Amino acid sequence: MIEKTYQPAEVESRIYSAWEAAGAFRCGQGGRREAEPYSIVIPPPNVTGSLHMGHALNNTLQDILVRFERMRGKDVLWQPGTDHAGIATQMVVERQLMEKQLPGRREMGREAFISRVWEWKEQSGGTITRQLRRLGASCDWSRERFTMDEGLSRAVRKVFVELYRAGLIYKDKRLVNWDVRFLTAISDLEVQQVEVKGELYYFKYPIEGLGEAFITVATTRPETMLGDTAVAVHPEDERYRDLVGKYAILPLVGRRIPIVADEISDPEKGTGAVKITPAHDFGDFEVGRRHHLPLVSVLDREGRMILRENPDFLDRVPPSAELERTLALHGLDRFEARRRVVARLQELGLVEKIEPHVHMVPHADRSGEVVEPFLTDQWYVDAKQLATMAMAAVRSGRTEFVPKQWEATFFNWMENIQPWCISRQIWWGHQIPAWYGPDDKTFVAETEDEALAEALAWYVVHDVLTREEADAIAADPERRAQFLTRDPDVLDTWFSSALWPFSTLGWPDETPELARYYPTSVLVTGFDIIFFWVARMMMMGLHFMKEVPFRTVYIHALVRDEKGAKMSKSKGNVMDPLDLIDRYGADALRFTLAAMAAQGRDIKLSTARVEGYRNFATKLWNAARFAEINGCVTVPSFAPTTARETLNRWIAHETALAAREITEALEAFKFNEAAGAAYRFVWNIYCDWYLELAKPILAGPDGPAKTETRAMVAWARDQILKLLHPFMPFITEELWAVTAPRSAGQPGSTRESLLIVARWPSFEGLEDNAAEAEIGWVIDLVSAIRSVRTEINVPPAAQIPLVLVAAVPETRTRAARWADFIKRLARLSDIAFAEGAPAQAVQIVVRGEVAALPLAGVVDLAAERARLDKELAKVDSDIARADAKLARPDFLERAPEEVIEGEREKREAAQARRAKILEALERLQGAG
RNA sequence: GGGCGCGUAGCUCAGCGGGAGAGCACUACGUUGACAUCGUAGGGGUCGCUGGUUCGAUCCCAGCCGCGCCCACCA
């Protein structure tokens, strides 16, 4: 017996275990080794993460595709795993140490700290994957990977070494985006431009040799002026032409700085003269290179002023008396230093003005601190070269974005791609496989042994060491360990993510999985990581595999709250998917997300919507109960195409239509259309009409019609379970089990397989549309009667007679055949036939014929006349519109034939209907 | 400054060249043995504005008005 109500919480975990126990998620299962492969790699969630609504959407869509293709018989691999998430994870563990009042990271040392992180990972790293299971994700967990596991780490080292040897990875000293909180370099992508209300300061720099004359520069960062090494004006700016080549004297410092002509200066902006601080501004850095300016750093890695022990500062510029006075700046935070510099310049009368100024200020993603451009040595990937192939792959269609417009975004970024800074000054991550010799010579290799061998060989060849000395070092463990120093930095987390589509399949080994599942079929992800991840996977995949990592990139929207605001903890508008799963079931959440996943628009999620789809699940549940109560059991040998009953032929055809619609929508990644089609079919076709029309048969005497109908009800229900399974895996699998036909004395399911691996419905039966004329007529008739009953206030319980007027023989046959049904659904007492309509009757036109409801004493004649007048007006306007069209020569000449024909047909139908309405009006006249 | 997108029923959104749709909300009625997490019926929209293309425009094009997002070293 099917339970009275569906209990998601009870069912979901049990069903999920059953899938896992059956090995249903595993690739290559069930004789599918010969089948077409279908693979998706999961966007690996942070190991520190917990499931948020974005994950829920992302993984629901992947799971829908994966379940759909699995049911279509493909050999499916959904490759799961997690990301080590460098900074995020390091932060979590450091915070934990603090909370437990244990020694901090630096005190415990690198090795101890890293093993602490691993411990944390073992204990807590499984949260997110457990939560994915609750959502129903059918990943092949037997293949779960972690970006820091041994295999993937090996892939990372190999990639690094090969790119280094190909000259595509190099070390460079230049400005980087520096996070002053986490004390690490970050990439351009980890920087957010934030609009800040600040001030624009106009400073007067005296000009050497021109007495009281000065040049005014505008700046938003006064504290960096101590590091100025030039003033730039535009080469064509008449105002300053004479000053180019002269020197300004930098206030407070006394440094002579040249006034140079450079295009960077915009005559429209500020004063047209701009101070140049090559060590603290990306633009100025370039100017510095062009004009061979010295780089003067005045900030340390924590964003504090560093003047005293700063060789960059003191060696090049003899401290002036003024500078000595400003030495109080040393060690000050940059923002405090800013206030003091401004104050001092004001005292000196060198501040022309200060204006309020709104501008974009770069902030570090993670820490939220203002990013400091900082001069350091870092490792870079030459992305430009790699980008060329990636762009070509998208241009040629080897990888396709869906929706298409994201390709523009992709190209736009790729065309302007900058070197990718991949080194991070943190501990948790893939340590860079680079070692330095005694003279700082760099050796890059996959292992320390290889690096050492390479280094010793190099020093021998270059006569730094003799062969004997080298051998001695190699032989002595102590000296070996001391000879090289490993680069302490680790790689950007996205570096290992970029390898995900092939590293998870076993690369660099030539595994069968790599051969079979690469390139993957589709990547499902949000637009926010097109640059971070998609582009980089494209570059790495093409370089190392010589083939794109995925055929299709499906870009989905952002999930927002019901008002359209981005969900964030600080706003307190976060909806927790696990909470929704608890309240409504995973299926309801999944269906909601799918139904709302229209391409190109963000999802505004509301609980009302989830509730609505929970109701849908309930509806399905009850429909299955109805089938069971009425003895509708799957008949394995039943072939729907052989059905004899019109009603059954009709639902078979409707089922095929729905199957086709859902299949085509899923093939085109139109999740909302697929969900909508399934919803309409189940509720508005199967439940509202088919089951209702089947009731009299099921309640009637036993016989072939009843037997067939029972089989068909069960068959259609089974098709529904299949069609709905990708969206609502739990409830459908549960119903699949509980509705299984029983074999005597045998416990358990007699289904051939779990639903998850059942065959996806075909479209067979589409060609037979004959039943529609009959069932459609019944539906129209019932609907029309119901509508009229409400309109003229017939009490719902009242049973009234129906008279079919001047019915053609076919109608008479149909009416006779469907009398029980129609009477039941339209609440009629009797169906009769007559050549003319009875007096005092409500008359409706159904598919060209008049049906009358004699309602002497019940019907309000005036109301009825008004109703018919309204209908007449409607039909008249229809005719008029068609006439107007058909009267235009242009239309007849230029419109396609089928459109013209359609218009004629519409007109004829309207005319016929009009005639019937007129007759009805006349009769009413006579009656009144 | 560049690029992308959005303005359709009270709300959330589909549709996107041939007579305006769904869900929710709303109104009325209804516990007929699957389902009140339900059923039946109903009200509600000059499809942002202005032009253009077309036999025909909510749909294509241009401009404008609102709104959002992404990218960009500008003082």
Side-chain angles (χ1 to χ4, degrees), chain A residues 2 4-6 175 188 193 200-202 217-221 232 264-266 269-277 281-287 357 359-360 362 373 403 405-406 408-409 411-413 416 527-528 530-531 558 562-564 566 584 588 592 595-596 598 600-606 608-609 611-630 670 672-673 676 679-680 687-688 691-692 695 699 783 786-791 793 795-797 824-827 877-878 881-882 885 888-896 898-900 902-903 906:
Chain A
I2 301 181
K4 174 98 176 140
T5 52
Y6 174 59
L175 286 187
D188 298 345
Q193 302 292 335
L200 186 58
Y201 303 87
Y202 291 76
V217 296
T219 182
T220 54
R221 299 208 54 192
I264 195 178
S265 177
D266 180 348
K269 293 260 169 69
T271 60
V274 61
K275 72 194 232 0
I276 300 299
T277 323
D281 181 280
F282 289 101
D284 293 1
F285 182 80
E286 297 303 322
V287 179
H357 184 63
H359 60 141
M360 302 297 273
Q405 65 258 28
W406 289 109
T409 306
F411 285 131
N412 186 40
W413 188 70
N416 301 301
F527 62 84
D528 47 332
I530 290 178
F531 307 143
L558 226 57
E562 51 195 317
K563 294 189 205 86
K566 212 165 170 171
Y584 302 106
T592 307
M596 299 188 77
R601 193 192 283 253
D602 285 345
I603 294 175
K604 290 184 196 165
L605 190 63
S606 69
R609 234 16 223 270
E611 206 177 309
Y613 291 118
R614 185 272 319 267
N615 295 353
F616 175 58
T618 306
K619 185 77 181 176
L620 174 69
W621 186 260
N622 282 308
R625 282 184 64 221
F626 170 80
E628 184 187 57
I629 288 163
N630 286 281
K670 297 188 173 173
N672 60 319
E673 286 181 18
Y679 183 96
R680 284 190 301 274
C687 291
D688 287 352
L691 292 185
E692 290 303 325
K695 276 177 183 175
S783 300
R786 280 172 170 172
S787 186
V788 154
R789 285 180 64 118
T790 307
E791 218 168 321
N793 286 321
R824 176 194 175 94
L825 294 180
R827 301 201 58 73
S877 86
D878 287 351
R881 185 176 321 204
K885 274 196 174 182
R888 266 202 312 266
D890 282 346
F891 177 71
L892 295 174
E893 278 166 33
R894 310 205 182 191
E898 69 259 26
V899 172
I900 297 171
E903 212 58 41
K906 270 189 243 164

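In what follows, chains carry the letters A, B, and so on, assigned in the order in which the sequence lines appear, proteins first and then strands, with residues in each chain numbered from 1. Computed from a predicted structure; not experimentally measured.
In terms of position along RNA chain B, the nucleotide closest to Thr5(A) lies nearer the 5' end than the nucleotide closest to the other residue of the pair Thr220(A) and Thr5(A). Between Phe891(A) and Tyr613(A), the residue anchored closer to the 5' end of RNA chain B is Tyr613(A), taking for each the nucleotide with the nearest heavy atom.
With C73(B), G15(B), G23(B) as the choices, the nucleotide that has an atom nearest any side-chain atom of Glu673(A) turns out to be G15(B). When the nucleotides C55(B), A14(B), C74(B) are ranked by their closest atom to the side chain of Lys269(A), C74(B) comes out on top. For Pro896(A), the listed nucleotide lying nearest its side chain is G18(B); candidates were U12(B), A14(B), G18(B). Considering only the side chain of Thr790(A), U40(B) comes nearest among G56(B), U40(B), G23(B).
The salt bridge (Lys or Arg N to Asp or Glu O under 4.0 Å) search around Lys670(A) returns none, not counting sequence neighbours. Not a single salt bridge (Lys or Arg N to Asp or Glu O under 4.0 Å) links Arg824(A) to another residue, sequence neighbours left out. Contacts of Asp284(A) classified as side-chain contact (heavy atoms from CB on, under 4.5 Å), with partners at least two apart in sequence or in another chain: Ile264(A), Ile276(A), Thr277(A), Asp281(A). For Lys619(A), there are no salt bridge (Lys or Arg N to Asp or Glu O under 4.0 Å) partners two or more places apart in sequence or in a different chain. Partners of Pro896(A) according to the side-chain contact (heavy atoms from CB on, under 4.5 Å) rule, which considers only residues two or more places apart in sequence or in another chain, are Glu898(A), Val899(A). Residues passing the side-chain contact (heavy atoms from CB on, under 4.5 Å) test with Ala623(A) are Tyr686(A), Cys687(A), Leu691(A), sequence neighbours excluded. Residues passing the salt bridge (Lys or Arg N to Asp or Glu O under 4.0 Å) test with Arg888(A): none are found, sequence neighbours excluded. Here Ser787(A) pairs with Glu791(A) under the side-chain contact (heavy atoms from CB on, under 4.5 Å) rule; sequence neighbours left out.
When heavy atoms are screened at a 4.0 angstrom cut-off, Asp528(A) is found touching no nucleic acid atom at all.
Using a 4.0 Å cut-off, no side-chain N or O of Asn416(A) falls inside it from OP1 or OP2 of C71(B). Applying the 4.0 Å criterion to OP1 and OP2 of G56(B), one finds that Lys885(A) has every side-chain N and O outside that range. Contact between the side-chain N/O atoms of Ser787(A) and the OP1/OP2 oxygens of G42(B) is found at a separation under 4.0 Å.
Between the OH atom of Tyr679(A) and the C1' atom of G23(B) there is a distance of 6 Å, given to the nearest Å. For Arg680(A) and G21(B), the CZ to C1' distance is 10 Å, given to the nearest whole Å. Residue Arg881(A) contributes atom CZ, which lies 11 Å from atom C1' of A20(B) at whole-angstrom precision. The distance from atom NZ of Lys670(A) to atom C1' of G15(B) is 10 Å, rounded to the nearest whole Å. If you take CZ of Phe616(A) and C1' of G23(B), they are 12 Å apart, rounded to a whole angstrom. When the C1' atom of C11(B) is taken as reference, atom CE of Met596(A) falls 11 Å away, rounded to whole Å.
With values rounded to the nearest 0.5 angstrom, Arg680(A) atom CZ is found 13.0 Å from Asp688(A) atom CG. If you take OH on Tyr201(A) and NZ on Lys275(A), they are separated by 12.5 Å, rounding to the nearest 0.5 Å. Interatomic distance, Ile530(A) CD1 to Trp406(A) CH2, rounded to the nearest 0.5 Å: 5.5 Å.
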Worksheet item: Stepwise, does the side-chain contact (heavy atoms from CB on, under 4.5 Å) test hold for Leu605(A) with Thr592(A)?
Response: CA-CA 8 Å; Leu605(A) 190 63; Thr592(A) 307; 3.7 Å; yes
Discussion item. As a quick check of understanding, evaluate side-chain contact (heavy atoms from CB on, under 4.5 Å) for Phe531(A) and Thr409(A), giving each step before the final call.
Written reply: CA-CA 9 Å; Phe531(A) 307 143; Thr409(A) 306; 3.6 Å; yes
Show the distances under 3.5 angstrom between N or O atoms of the protein and N or O atoms of nucleotides 32-36 of chain B.
{"residue": "A34(B)", "atom": "OP1", "partner": "Lys695(A)", "partner atom": "NZ", "Å": "3.3"}
{"residue": "A34(B)", "atom": "O2'", "partner": "Asn622(A)", "partner atom": "OD1", "Å": "3.2"}
{"residue": "A34(B)", "atom": "O2'", "partner": "Arg625(A)", "partner atom": "NH1", "Å": "3.1"}
{"residue": "A34(B)", "atom": "N7", "partner": "Lys695(A)", "partner atom": "NZ", "Å": "3.3"}
{"residue": "A34(B)", "atom": "N6", "partner": "Glu692(A)", "partner atom": "OE2", "Å": "3.1"}
{"residue": "A34(B)", "atom": "N3", "partner": "Asn622(A)", "partner atom": "O", "Å": "3.0"}
{"residue": "A34(B)", "atom": "N3", "partner": "Ala623(A)", "partner atom": "N", "Å": "3.2"}
{"residue": "C35(B)", "atom": "O4'", "partner": "Asn622(A)", "partner atom": "OD1", "Å": "3.4"}
{"residue": "C35(B)", "atom": "O4'", "partner": "Asn622(A)", "partner atom": "ND2", "Å": "3.3"}
{"residue": "C35(B)", "atom": "O2'", "partner": "Asn622(A)", "partner atom": "ND2", "Å": "3.2"}
{"residue": "C35(B)", "atom": "O2", "partner": "Lys619(A)", "partner atom": "NZ", "Å": "2.9"}
{"residue": "C35(B)", "atom": "N3", "partner": "Lys619(A)", "partner atom": "NZ", "Å": "3.0"}

Can you tabulate the close N/O pairs, meaning under 3.5 Å, that link protein atoms to atoms of nucleotides 1-8 of chain B?
{"residue": "C6(B)", "atom": "O3'", "partner": "Arg601(A)", "partner atom": "NH2", "Å": "3.1"}
{"residue": "G7(B)", "atom": "OP1", "partner": "Arg601(A)", "partner atom": "NH2", "Å": "2.9"}

Kindly give the atom pairs (protein nitrogen or oxygen, nucleotide nitrogen or oxygen) under 3.5 Å for nucleotides 60-62 of chain B.
none

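Using C1' as the reference atom, U8(B) and C67(B) are 16 Å apart when rounded to the nearest Å. As rounded to the nearest Å, A14(B) and U50(B) have C1' atoms that lie 27 Å from one another. Nucleotides G21(B) and G45(B) have their P atoms positioned 14 Å apart, rounded to a whole Å. Nucleotides G43(B) and C61(B) are separated by 37 Å at their C1' atoms, to the nearest Å. Distance noted for atom P between C59(B) and C6(B): 13 Å (whole Å).
A donor-acceptor contact under 3.5 Å links the side chain of Arg614(A) to the base of U37(B).
A donor-acceptor pair under 3.5 Å links the side-chain atoms of Ser265(A) to the main chain of Gly272(A), judged by distance alone.
Residues Glu628(A) and Arg625(A) are not paired through a salt bridge, judged by the lack of any N-O separation under 4.0 Å between the basic side chain and the carboxylate.
Between Tyr613(A) and Phe616(A), the ring planes are perpendicular. Angles over 60° get that label, and only those under 30° would be called parallel.
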Worksheet, complete the sentence: RNA chain B in dot-bracket form (Watson-Crick or G-U pairs under 3.5 Å, [ ] crossing, | inter-strand) is ((((((((.[[[[.)..(..]]]].(((((.......))))).....[[[[[..)....]]]]])))))))....
